[in-house]
Amino acid sequence: MTSASSVSYSIPGLCQSVAMLPPASRLLSLLLVLGTGDTMPSPQAPPQGCYMAEEAGERTFRCSQAGLSAVPTGIPNDTRKLYLDANRLASVPAGAFQHLPVLEELDLSHNALAHLSGAAFQGLAGTLRHLDLSANQLASVPVEAFVGLQIQVNLSANPWRCDCALQEVLRQVRLAPGTGTGIVCGPGARPDLVGQEFLPLAGEEELCGTGRGGARRSTDVALLVTMGGWLALVVAYLVHYVWQNRDETRRPLKKAPTLPVSSEDSSTLSTMV
């Protein structure tokens with residue numbers, strides 16, 4: 001009986017109602033509850049190598065060097081700092097962190113990331129402030145992944161293709177202090193860019209192909225070509241006009257033909273005089 005009573009108080013929400021029953025009914029109710037498995041679900045245990053901690057008063061979930069090949073499940077919703085660094089993550093799928101409404105800092109550095117979904121950081125636009133993507137295998141990232149995010153990001157130590165996509169990303173984000181020199185063009189970049197720092201080249205419009213800068217450059221070139229064509233036509237017309245008038249002025253004036261005067265006209269003229 002004592003054992004049954006101790007079990008009743010270990011089940012939240014049932015203590016008060018069961019205690020009000022008579023002793024026989026109380027035992028029967030406890031047996032029914034335990035038999036049907038009507039217990040409170042226990043929180044999901046974190047993956048092996050992960051743990052929850054309080055760091056500077058903020059809920060921090062650490063999975064550093066845990067051997068993960070995918071973003072783990074069971075991350076508490078109130079996590080503010082998430083460390084998934086030094087694992088084997090190869091990609092970040094759409095909505096991977098959308099269940100973390102207060103996440104402020106995300107560390108994905110030192111993985112094998114080669115692909116980011118355009119919706120990888122969906123749901124974090126109002127909270128995420130720091131993102132570390134350094135030391136991965138990223139050659140390019142979709143601009144859509146960073147739209148709406150007000151973040152400071154570390155993009156260093158990746159084999160960047162140094163194309164317009166990267167240039168557009170840099171227009172969307174702020175680089176973490178001291179990390180700009182680590183953004184270097186990798187083997188997939190144009191041969192003349194391989195091994196060079198990207199930031200000094202970021203103002204080069206030719207990197208943008210059909211991107212925003214490239215479209216603006218193409219429009220400017222088309223406008224200049226059109227204006228040049230019209231100017232050439234006007235100059236050609238003026239030159240033709242001048243040469244034609246000069247030829248006309250050089251020609252000798254033709255004398256007006258003298259009309260023959262008949263004898264009758266001469267006598268009439270004499271009579272009138």
Side-chain angles (χ1 to χ4, degrees), residues 9-16 39-113 115-138 141-158 169-183:
Y9 285 96
S10 67
I11 304 175
L14 297 178
C15 302
Q16 183 177 359
T39 59
M40 293 295 290
S42 59
Q44 186 174 359
Q48 185 176 2
C50 303
Y51 63 93
M52 197 73 181
E54 290 283 340
E55 297 182 3
E58 296 186 335
R59 297 275 282 175
T60 302
F61 195 75
R62 286 191 173 272
C63 282
S64 304
Q65 298 181 337
L68 301 174
S69 58
V71 177
T73 58
I75 303 174
N77 293 347
D78 59 348
T79 299
R80 291 188 177 274
K81 295 182 178 181
L82 176 58
Y83 293 88
L84 300 176
D85 54 302
N87 285 287
R88 299 194 303 268
L89 304 180
S91 64
V92 178
F97 309 103
Q98 63 182 357
H99 64 291
L100 305 175
V102 294
L103 186 64
E104 297 177 355
E105 184 173 334
L106 176 59
D107 190 347
L108 295 170
S109 66
H110 295 88
N111 277 281
L113 292 177
H115 172 72
L116 287 183
S117 167
F121 309 116
Q122 181 178 357
L124 303 179
T127 60
L128 191 62
R129 294 292 178 266
H130 301 278
L131 174 63
D132 195 342
L133 293 172
S134 63
N136 279 286
Q137 297 300 315
L138 295 170
V141 288
V143 180
E144 296 79 13
F146 301 92
V147 172
L149 297 179
Q150 303 295 323
I151 60 173
Q152 189 176 85
V153 62
N154 185 352
L155 299 173
S156 63
N158 282 283
V169 168
L170 292 180
R171 292 190 178 107
Q172 297 286 338
V173 302
R174 292 177 293 110
L175 294 178
T179 65
T181 56
I183 303 177

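Source: prediction; values computed, not measured.
Under the salt bridge (Lys or Arg N to Asp or Glu O under 4.0 Å) criterion, Arg59 pairs with Glu54, Asp78, not counting sequence neighbours.
Of the inter-residue distances, the one linking Arg129 atom CZ with Arg174 atom CZ reads 8.5 Å to the nearest 0.5 angstrom. Here OG of Ser109 is found 10.5 Å from CG of Leu89. Values are rounded to the nearest 0.5 Å. Expressed to the nearest 0.5 Å, how far CD of Gln152 lies from CG of Asp132 amounts to 10.5 Å. Interatomic distance, His130 NE2 to Leu106 CG, rounded to the nearest 0.5 Å: 12.0 Å. Between the CG atom in Leu108 and the CG atom in Leu82 there is a gap of 7.5 Å [rounded to 0.5 Å]. The structure places CG of Asp107 at 11.5 Å from OG1 of Thr60, a figure rounded to the nearest 0.5 Å.
Leu149 has its side chain out of reach of Val173: every pair of non-hydrogen atoms, C-beta onward, lies at least 4.5 Å apart. Counting heavy atoms from C-beta on, the side chains of Tyr51 and Pro46 never come closer than 4.5 Å. In this structure the side chain of Leu155 never reaches within 4.5 angstrom of the side chain of Thr179, judged on heavy atoms. Between Leu133 and Leu116, the closest side-chain pair of non-hydrogen atoms falls below 4.5 Å. Here the side chains of Ile75 and His99 are in contact, with some heavy-atom distance below 4.5 Å. Residues Ile151 and Leu124 have side chains not in contact (no heavy-atom distance under 4.5 Å, counting atoms from C-beta outward). No side-chain heavy atom of Pro101 sits under 4.5 Å from any side-chain heavy atom of Thr127.
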Inset, instruction - Show your reasoning for whether side chain to side chain contact (heavy atoms under 4.5 Å, CB included) applies to Val102 and Thr79. - result: CA-CA 7 Å; Val102 294; Thr79 299; over 6 Å; no
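A distance-only check finds no donor-acceptor pair linking the side chain of Asn87 to the backbone of Asn111 [under 3.5 Å].
In terms of heavy atoms, Ser134 sits closest to Asn136 at O-ND2, 3.1 Å. Listed here is the closest heavy atom pair of Cys63 and Leu84: CB-CD2, 3.7 Å. In terms of heavy-atom proximity, Glu105 sits nearest to Tyr83 at OE2-OH, 3.1 Å. Counting all heavy atoms, side chain and backbone alike, Val92 lies closest to Ala120 at CG1-CB, 3.7 Å. Between Ser117 and Ala145 the shortest heavy-atom distance is O-CB, 3.6 Å. In this structure, Ala66 and Gln48 approach most closely via the heavy-atom pair CB-O, 3.8 Å.
Residue pairs meeting the salt bridge (Lys or Arg N to Asp or Glu O under 4.0 Å) criterion with at least one partner in residues 80-95, sequence neighbours excluded, are Glu58-Lys81, Arg80-Glu104.
Using cut-offs of 30° and 60° on the angle between ring planes, the pair Phe97 and Phe121 is parallel.
Counted within 6.0 Å of CD on Gln150, heavy atoms from surrounding residues, nucleotides or ligands total 12 or fewer; the atom is thus considered open.
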